[in-house]
Amino acid sequence: MHARGVTKRFGDFTAVDHVDLDVPRAQVYGFLGPNGSGKSTTIRMLCGLLTPTEGEIEVLGLSIPREAEALRRRIGYMTQRFSLYEDLTVRENLMFLATVQGLPRARRASRVEELLHAYNLEQLQKQLAGTLSGGQKQRLALAGAVVHEPQLLLLDEPTSAVDPESRRDFWEKLFDLADAGTTLLVSTHYMDEAERCHRIAILDRGRLVANGTPAELTGQLEGRTLGVRSDSLRKVQKQLHAIDGVLSVAQVGNELRVLCAPGHGDPDTVAAKLRQEGIQAEVAPIEPSLEDVFVAATRRHAEGQA
Ligand SMILES: Nc1ncnc2c1ncn2[C@@H]1O[C@H](COP(=O)(O)OP(=O)(O)OP(=O)(O)O)[C@@H](O)[C@H]1O
């Protein structure tokens, strides 16, 4: 999947601003960004549901939106709303989707059996979809999104409504699909999920502000993250915010995680500045995390330094 200069304007408002994206086959590509940064709008343009104001999109060799109809048979799309037919049973939902997706009549029943088995829905097949738990609905929605064995799966915050164990099981299924050759683009707000992706892209106010493997992106912050320990963390936190070059401070257990602007991550300098304010604190370098990447990417843009 390739996108070049993709832009979407709603009246005067630019929701997606000249985004370039290349998603390689059989990989899990994570899509991150604050609320309203344009993730859903981008995903909807990539699957041909929304026409870009500007830009070029090519998905599985098809030009979008011109060839969106041909693409529809080759992609799956799932959102956090799980679009299920609540008054149909689990099996009926899958049979219906198999029919809508144009599976040959002879193949429908066997494909539904495969899915009931693969997504652990056999025991639930006669239950109405509306009565399922959040995690069960999610499994059914994923089974429904892949009923026609799509080559590309677009998932828009598919795990926001479920518990941690269901999220973990769901990600196992995503990797099974990627192993079988499916390409996946997944938007998420969870950093642990982003960490699992082969590559991630971060959007902020419609612009692509970071793009790479999790290791590449955290590597770029080497030398800019510090851990601070002290007896009075809340007081230290206030002082840290006042130090030039400190971008963010977050308390994690007994420690403060500090993210600094480029050239400002020297622990001795920060410790000396705290001492000037009468604060004794241990300051040491720590490994950057994807959360730091997220904060650095979205802050820098907000401050116009991008
Ligand atoms: N049809 C529309 N008309 C006008 N504005 C829209 C429309 N669709 C989206 N927007 C605006 O575009 C911006 C981006 O929205 P989008 O839903 O793509 O963000 P998002 O990154 O998916 O957010 P979230 O994480 O909250 O789901 C928002 O400010 C939204 O209000």
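What you see below is based on every heavy atom in this structure, not just the backbone, and it leaves out hydrogens, waters and symmetry mates. These figures come from a predicted structure and were not determined experimentally. Both ligands and their constituent atoms are indexed starting at 1 by order of listing. Residues: numbered from 1 along the sequence shown.
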S.K.: Hey, does Gly33 sit under 4.0 Å from ligand 1 if you only count heavy atoms?
M.R.: no
S.K.: So, Glu56 versus His2: side-chain donor-acceptor pair below 3.5 Å or not?
M.R.: no
S.K.: Heavy-atom contact under 4.0 Å between Arg44 and ligand 1?
M.R.: no
S.K.: What protein heavy atom is closest to atom 27 (O) of ligand 1, reported as residue, atom name and distance in Å?
M.R.: Glu157 OE2, 3.2 Å
S.K.: Can you tell me which residue and heavy atom of the protein come closest to atom 16 (P) of ligand 1, and the distance to 0.1 Å?
M.R.: Thr41 OG1, 3.6 Å
S.K.: Counting only nitrogen or oxygen atoms and a 3.5 angstrom limit, does Ala15 reach ligand 1?
M.R.: no
S.K.: List the steps and the verdict of side chain to side chain contact (heavy atoms under 4.5 Å, CB included) for Gln138 and Tyr119.
M.R.: CA-CA 10 Å; Gln138 182 197 42; Tyr119 291 88; over 6 Å; no
S.K.: Can you tell me which residue and heavy atom of the protein come closest to atom 23 (O) of ligand 1, and the distance to 0.1 Å?
M.R.: Gly36 N, 2.8 Å
S.K.: Please list the nearest protein heavy atom to atom 22 (O) of ligand 1 with its residue and the distance rounded to 0.1 Å.
M.R.: Ser40 OG, 2.7 Å
S.K.: Is there at least one protein heavy-atom neighbour under 4.0 Å from atom 6 (C) of ligand 1?
M.R.: yes
S.K.: Rounded to the nearest 0.5 Å, what's the gap from OG1 on Thr41 to CG on Leu46? Could you check?
M.R.: 11.0 Å
S.K.: Looking at atom 31 (O) of ligand 1, tell me if a protein heavy atom falls under 4.0 Å from it.
M.R.: no
S.K.: Check each of Ser160, Gly206, Gly38 against atom 19 (O) of ligand 1 and report the one with the nearest heavy atom.
M.R.: Gly38
S.K.: Return the residue, atom name and 0.1 Å-rounded distance of the protein heavy atom closest to atom 11 (C) of ligand 1.
M.R.: Phe13 CE2, 3.8 Å
S.K.: Picking from Val209, Leu32, Leu21, Val19, what satisfies side chain to side chain contact (heavy atoms under 4.5 Å, CB included) with Leu203?
M.R.: Val19
S.K.: Do Val249 and Lys238 have side chains that approach each other closer than 4.5 Å (heavy atoms only, starting at C-beta)?
M.R.: no
S.K.: I would like to know whether Tyr29 and Asp22 meet side chain to side chain donor-acceptor pair (under 3.5 Å); could you show each step before the answer?
M.R.: CA-CA 10 Å; Tyr29 206 103; Asp22 294 287; over 6 Å; no
S.K.: Do me a favour and list the nearest non-hydrogen protein atom to atom 9 (C) of ligand 1 with residue, atom name and distance?
M.R.: Phe10 CE1, 3.5 Å
S.K.: Give yes if a backbone or side-chain nitrogen or oxygen of Lys39 is under 3.5 Å from a nitrogen or oxygen of ligand 1, and no if not.
M.R.: yes
S.K.: Any sub-3.5 Å donor-acceptor pair from Lys39's side-chain atoms to Pro34's backbone N or O?
M.R.: yes
S.K.: Nearest protein heavy-atom contact for atom 26 (O) of ligand 1: which residue, which atom, what distance?
M.R.: Asn35 ND2, 2.9 Å
S.K.: Which ligand 1 atoms, with their elements, are less than 4.0 angstrom from a heavy-atom of Ser37?
M.R.: 19 (O), 20 (P), 21 (O)
S.K.: If you measure only the distance, is there a donor-acceptor pair under 3.5 Å linking the side chains of Arg234 and Gln251?
M.R.: yes
S.K.: Is any NZ, NE, NH1 or NH2 atom of the basic residue among Arg72 and Glu69 found under 4.0 Å from an Asp or Glu carboxylate oxygen of the other?
M.R.: yes
S.K.: Indicate yes or no for a side-chain donor-acceptor contact from Arg108 to the backbone of Leu103 under 3.5 Å, with no hydrogens or angles considered.
M.R.: yes
S.K.: Any heavy atom of His189 sitting closer than 4.0 Å to ligand 1?
M.R.: yes
